[in-house]
**Student:** 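Submitted below is the structure of interest, expressed as structure tokens.
Lettering follows sequence order; numbering is per chain, from 1.
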There are 2 protein chains.
Amino acid sequence: MRIGIYGYGNLGRGVEAAVRQNDDMELVAVFTRRNPADVKLQTEGVKVYAASEAARHADEIDVLVLCGGSATDLPEQTPELAKYFNVIDSFDTHARIPEHFANVDKAAKESGHTALISCGWDPGMFSLNRLYANAVLPQGNDYTFWGKGVSQGHSDAIRRVKGVKNGKQYTIPVEAALESVRNGENPELTTRQKHTRECFVVAEEGADLAQIEKDIKEMPNYFSDYDTTVHFISEEELQANHSGIPHGGFVFRTGVTGFNGEHKHVIEYSLKLDSNPEFTSSVILAYARAVNRLHQEGANGCKTVFDVAPAYLSPLSGEELRAHML
Amino acid sequence: MRIGIYGYGNLGRGVEAAVRQNDDMELVAVFTRRNPADVKLQTEGVKVYAASEAARHADEIDVLVLCGGSATDLPEQTPELAKYFNVIDSFDTHARIPEHFANVDKAAKESGHTALISCGWDPGMFSLNRLYANAVLPQGNDYTFWGKGVSQGHSDAIRRVKGVKNGKQYTIPVEAALESVRNGENPELTTRQKHTRECFVVAEEGADLAQIEKDIKEMPNYFSDYDTTVHFISEEELQANHSGIPHGGFVFRTGVTGFNGEHKHVIEYSLKLDSNPEFTSSVILAYARAVNRLHQEGANGCKTVFDVAPAYLSPLSGEELRAHML
């Protein structure tokens, strides 16, 4: 199947790398809003085109992977490009998913294409685990923890503080909270009890460090509800030790069964990821395979990970899957 | 939806209990090979019929849950009952799944029913996790660990040893092996390095304890490849402390992404279950809901968990799922 990439940032590069791990896929085009001549790919022989010319290449691509941001890019791009392509995106603004779904569904149905939105790990693999676990244990509690990992939004917030030259923020689940959930204690946890935030900050020369630390720790929404630690380091240390984009997290469901709810059960799913964008890309490509198959079967409109039977994600046949993975 | 239970042992009782946790389900009949008058249910007003009369009640049941054993019951029962009912079973002899699938598929297609086999947690939820993780990380390694939990097969094997009155065996994953996998070290693990076996044995009066311990530890297939511990206890202690049927385990996939495989990822799924049969029953009922829906949509033939889109398991609508679980 022929893959196109629309937007060549961290996620786009992750998709490019992941295509090489899937023998049934080939990268055929990258679309960019930059000057195509300025975009250098890692893959020989793949064309780079202006984003505005994407529609002209519709016949060359089986599934177009949209690699833009959820704030402003995808709400416009996914419905628009679903007019010409089978599309998949990683739209992750949870509260706006119903609206985005409706827009993409309308466009994809009108054009007869297949779309899948909100693919990745949260939303994505974490959502799947919430759904499966809720269906299996109707009587129970859900817990999601994130980290240890880099939050881009919180890192951006640090960098907007006066006197801050650069910075990186890690979200860290509180070990005691994880253990309590894992032990089936069904704790009620406040925001502060679930996660801590650790900041590595490069200050401008002569900046007031105490003031920076105060400004960060008291920042509403981002930090004030959390126990936050601030470390001041050099730009060299930041580059050497904090240039990665790791992430991960935990999804739990704890519940009971039996005539009197006498038996406890704990379902735990966790991810430990060296590269958030590359893992997201890998999930997206598995679902791109599914989108292509669903389209070949005549499906159209918008789907989510909830609507796709797992077998569609695998290059193996039903027989092979039953013999080796069931 | 109207549920029938075929076989009223631990699993059948688990299904009976789980029906009460699902508002859209109702238990309407239990079929038994015992004398129906001797079977006392926990649920008021539900009829118990002889297994041989099941077909007469086909119109009263939307999905029949088969609760027999994999060795001899299900290979006969599932294809036979698929002639009259939508059926679901927990067939767990991994090596014989392809053959069982073919038999059930043939019967269900001929009669226009929908069947789902090998449902539970392994095969079942563990299989799903193997499939998802393999699709997402094509370049990697799989690890499955079981326990801590009671192995019925190994407990039976202990009880067949000369001088043993009663006994229970726990399969326990080796913590060091779990940690090594969790750390992404991709260890190559022998049978002995993955699990230990712990036996609680009630000896007959005057029995040769040293001989019993030797017979257990040297038993081929069951114990000789493992580090096994044998504890002699009284029947009272066995009843008081070891009458439960806990189980669980871990499914890992560790893999790499990036242009040079430079980023590691660990996907971990684990279950900690107070009651193996009750959890299995809960998984089965979620899939019974899917079987009923698939049948209403006109599907027929045999399915596995790989063939069912997750949304079919939930009582919530697509809109509700997207708004609250994605």
**Student:** Using a 4.5 Å heavy-atom cutoff, which residues in residues 102-109 of chain B come close to chain A?
**Tutor:**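 The residues closer than 4.5 Å to chain A amount to none at all.
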**Student:** How close do Leu131(A) and Ser314(B) get, heavy atom to heavy atom, and via which atoms?
**Tutor:**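 The answer is CD1-CB, 3.5 Å.
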**Student:** Quick check on Ile97(A) against chain B: is it the side chain, the backbone, both or neither that has a heavy atom closer than 4.5 Å?
**Tutor:**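 Contact with chain B involves the side chain of Ile97(A) alone.
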**Student:** Side chain, backbone, both or neither: which part of Asn129(A) has an atom under 4.5 Å from a heavy atom of chain B?
**Tutor:**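 The side chain, not the backbone.
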**Student:** If you count heavy-atom pairs within less than 4.5 Å of chain A, which of Gln21(B), Arg289(B), His94(B) leads?
**Tutor:**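 Top option by heavy-atom pairs under 4.5 Å: Gln21(B).
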**Student:** CZ/Phe306(B) to CG/Leu313(A) distance, rounded to the nearest 0.5 angstrom?
**Tutor:**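 Here the interatomic distance stands at 11.0 Å.
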**Student:** Less than 4.5 Å to any heavy atom of chain B: does that hold for the side chain of Asn183(A), its backbone, both, or neither?
**Tutor:**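 It is both, since atoms from each part get that close.
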**Student:** Parallel, tilted or perpendicular for Phe279(A) and His265(B), by the 30°/60° rule?
**Tutor:**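 Rings of Phe279(A) and His265(B): tilted, 30 to 60°.
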**Student:** Using side-chain heavy atoms (C-beta onward) and a distance below 4.5 Å, is Arg182(A) in contact with Lys272(B)?
**Tutor:**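 Yes, at least one pair of side-chain atoms sits under 4.5 Å.
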**Student:** Among all residues two or more places apart in sequence or in another chain, which pass the side-chain contact (heavy atoms from CB on, under 4.5 Å) test with Asn260(A)?
**Tutor:**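 Partners of Asn260(A) by the side-chain contact (heavy atoms from CB on, under 4.5 Å) criterion, ordered by chain and then number, come out as Glu262(A).
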**Student:** Working to the nearest 0.5 Å, report the span between OH of Tyr269(A) and CG of Leu271(B).
**Tutor:**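 Between Tyr269(A) OH and Leu271(B) CG, I get 13.5 Å after rounding to 0.5 Å.
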**Student:** Minimum heavy-atom separation for Ala311(A) and Asp307(B), please, with both atom names.
**Tutor:**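 Closest heavy-atom pair between Ala311(A) and Asp307(B): CB-OD1, 4.2 Å.
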**Student:** Under 4.5 Å heavy-atom distance to chain A, tell me which part of Leu137(B) shows up: side chain, backbone, both or neither.
**Tutor:**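 Looking at Leu137(B), just its side chain touches chain A.
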**Student:** Is it the side chain or the backbone of Val305(A) that comes within 4.5 Å of chain B heavy atoms, both, or neither?
**Tutor:**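 Both parts, backbone and side chain.
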**Student:** For chain A, find which of Ala309(B), Pro310(B), Ala135(B) contributes the most heavy-atom pairs closer than 4.5 angstrom.
**Tutor:**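 Most heavy-atom pairs under 4.5 Å with chain A: Pro310(B).
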**Student:** Determine the option with the most heavy-atom pairs under 4.5 angstrom with chain A, choosing from Thr254(B), Val256(B), Ile267(B).
**Tutor:**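 Of the candidates given, the most pairs with chain A belong to Ile267(B).
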**Student:** Is Ser270(A) close to chain B through its backbone or its side chain, or both, or neither, when contacts mean heavy atoms under 4.5 Å?
**Tutor:**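 Contact with chain B: backbone and side chain both.
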**Student:** Taking non-hydrogen atoms and a cut-off under 4.5 angstrom, which of residues 138-149 of chain B neighbour chain A?
**Tutor:**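 At a heavy-atom separation under 4.5 Å, chain A is reached by Pro138(B), Gln139(B).
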**Student:** Please state whether the side chain, the backbone, both or neither of Tyr287(A) comes within less than 4.5 Å of a heavy atom of chain B.
**Tutor:**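 Contact with chain B: side chain only.
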**Student:** Against chain A, label Val283(B) side chain, backbone, both or neither, depending on which of its atoms sit under 4.5 Å from a heavy atom there.
**Tutor:**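 Both backbone and side chain of Val283(B) come within 4.5 Å of chain A.
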**Student:** Which atoms of Ser275(B) are under 4.5 Å from chain A, going by heavy atoms: the side chain, the backbone, both sets, or neither?
**Tutor:**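 Contact with chain A is through both the backbone and side chain of Ser275(B).
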**Student:** Which answer fits Leu128(B), side chain, backbone, both or neither, if we ask what part of it has an atom under 4.5 Å from a heavy atom of chain A?
**Tutor:**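 It is the side chain, since no backbone atom gets that close.
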**Student:** Given heavy-atom pairs under 4.5 angstrom as the criterion, report whether the side chain, backbone, both or neither of Arg130(A) touches chain B.
**Tutor:**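 Both backbone and side chain of Arg130(A) come within 4.5 Å of chain B.
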**Student:** Please tabulate, one pair per line, all N/O donor-acceptor pairs under 3.5 Å involving side-chain atoms of residues 318-326 of chain A, not counting sequence neighbours.
**Tutor:**
unit_1    : atom_1 : unit_2    : atom_2 : d
Glu320(A) : OE1    : Ser317(A) : N      : 2.8
Glu320(A) : OE1    : Ser317(A) : OG     : 3.3

**Student:** Evaluate the side-chain proximity of Met125(B) to Tyr132(A): yes if any heavy-atom separation is below 4.5 Å, no if none is.
**Tutor:**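 Yes, their side chains come closer than 4.5 Å.
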**Student:** Quick one: closest heavy-atom pair of Ala17(A) and Gly258(B), and the distance?
**Tutor:**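 Taking Ala17(A) first and Gly258(B) second, the nearest heavy atoms are CB-C, 3.9 Å.
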**Student:** Would you find a donor on one side and an acceptor on the other, under 3.5 Å apart, between the side chain of Asp274(B) and the backbone of His263(A)?
**Tutor:**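 A pair under 3.5 Å: no.
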**Student:** Identify which part of Asp23(B) has an atom lying under 4.5 Å from any heavy atom of chain A, answering side chain, backbone, both or neither.
**Tutor:**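 Neither part, no heavy atoms under 4.5 Å.
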**Student:** What part of Asn134(A) lies closer than 4.5 angstrom to a heavy atom of chain B: side chain, backbone, both or neither?
**Tutor:**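 The side chain, not the backbone.
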**Student:** Indicate the atoms forming the closest heavy-atom contact of Phe259(A) with Glu16(B), along with that distance.
**Tutor:**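 Looking at all heavy atoms of both residues, the shortest contact is CZ-OE1, 3.5 Å.
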**Student:** Picking from Ala286(A), Ser282(A), Ala95(A), Gly14(A), which has the most non-hydrogen pairs under 4.5 angstrom with chain B?
**Tutor:**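 Highest number of pairs under 4.5 Å: Ser282(A).
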